[in-house]
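Everything on this sheet refers to the single structure shown next.
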Amino acid sequence: MAEKCELLETCGFFKKYQESWSVACKNLISKYCMGPKMAECKRKEYRAKNGQSPDPDMMPTGDRLKA
Ligand code: SF4
């Protein structure tokens, strides 16, 4: 299994939140973007369905982040 999501470089969520100090963001990144739940990412699902990426504030869980 890949150790990093193949969309990491272009993913709006990752780009925006990779430097975040928020524990929630760190957990999501380590579970989804660089971890075992990568294939379950809702952003990927959205992209496949809609042909375009969701905005950066949609989390890999499908919930929305509020700044
Ligand atoms: S949020 Fe989803 S699509 Fe984006 S890098 Fe993480 S696992 Fe990949």
Side-chain angles (χ1 to χ4, degrees):
M1 188 171 64
E3 52 193 55
K4 278 200 279 182
C5 173
E6 71 282 6
L7 301 173
L8 203 66
E9 314 294 331
T10 53
C11 178
F13 170 81
F14 183 74
K15 283 204 242 176
K16 185 166 176 185
Y17 295 107
Q18 62 179 323
E19 313 258 309
S20 168
W21 289 100
S22 145
V23 174
C25 287
K26 279 191 195 301
N27 281 342
L28 287 171
I29 289 171
S30 67
K31 275 198 197 127
Y32 285 87
C33 312
M34 299 182 183
K37 287 170 81 80
M38 177 178 305
E40 295 165 38
C41 177
K42 295 286 186 213
R43 293 182 57 86
K44 276 188 201 168
E45 198 178 300
Y46 181 102
R47 197 169 179 263
K49 263 193 210 148
N50 298 283
Q52 58 183 37
S53 299
D55 70 79
D57 295 328
M58 179 178 165
M59 298 188 279
T61 55
D63 296 322
R64 306 198 57 84
L65 252 159
K66 292 186 194 90

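This structure is a prediction, so every number in the text was calculated from the model and none was measured. Order of appearance sets the numbers: ligands from 1, and atoms from 1 within every ligand.
Cluster membership check: M58 does not share its hydrophobic cluster with L7, using side-chain heavy-atom separations under 4.5 Å among Ile, Leu, Val, Met, Phe, Trp and Tyr. Following chains of ILVMFWY side-chain contacts shorter than 4.5 Å, one can reach I29 starting from L65, so the two form part of one hydrophobic cluster. A continuous path of hydrophobic side-chain contacts links M59 to L8 [ILVMFWY only; heavy atoms under 4.5 Å].
Contact check for S22 versus Y17: no side-chain heavy atoms found under the 4.5 Å cut-off. Put simply, the side chain of C11 reaches to within 4.5 Å of the side chain of R43, judged on heavy atoms.
Atoms of ligand 1 found under 4.0 Å from any heavy atom of F13, numbered from 1 in the order shown, are 1 (S). Here is the list of ligand 1 atoms found below 4.0 Å of a heavy atom in R43: 1 (S). When each atom of ligand 1 is checked for a heavy atom of L8 under 4.0 Å away, the hits are 5 (S). Residue P60 approaches ligand 1 through these ligand atoms, each under 4.0 Å from one of its heavy atoms: 1 (S).
One option in P54, C5, C11 has a heavy atom closer to atom 4 (Fe) of ligand 1 than any other, and that option is C11.
Salt bridge annotation for E40-K31: absent, with no cationic side-chain nitrogen under 4.0 angstrom from a carboxylate oxygen.
Looking at atom 2 (Fe) of ligand 1, its nearest protein heavy atom turns out to be C41 SG, 2.4 Å.
With a 4.0 Å cut-off on non-hydrogen atoms, C33 touches ligand 1 through its backbone as well as its side chain.
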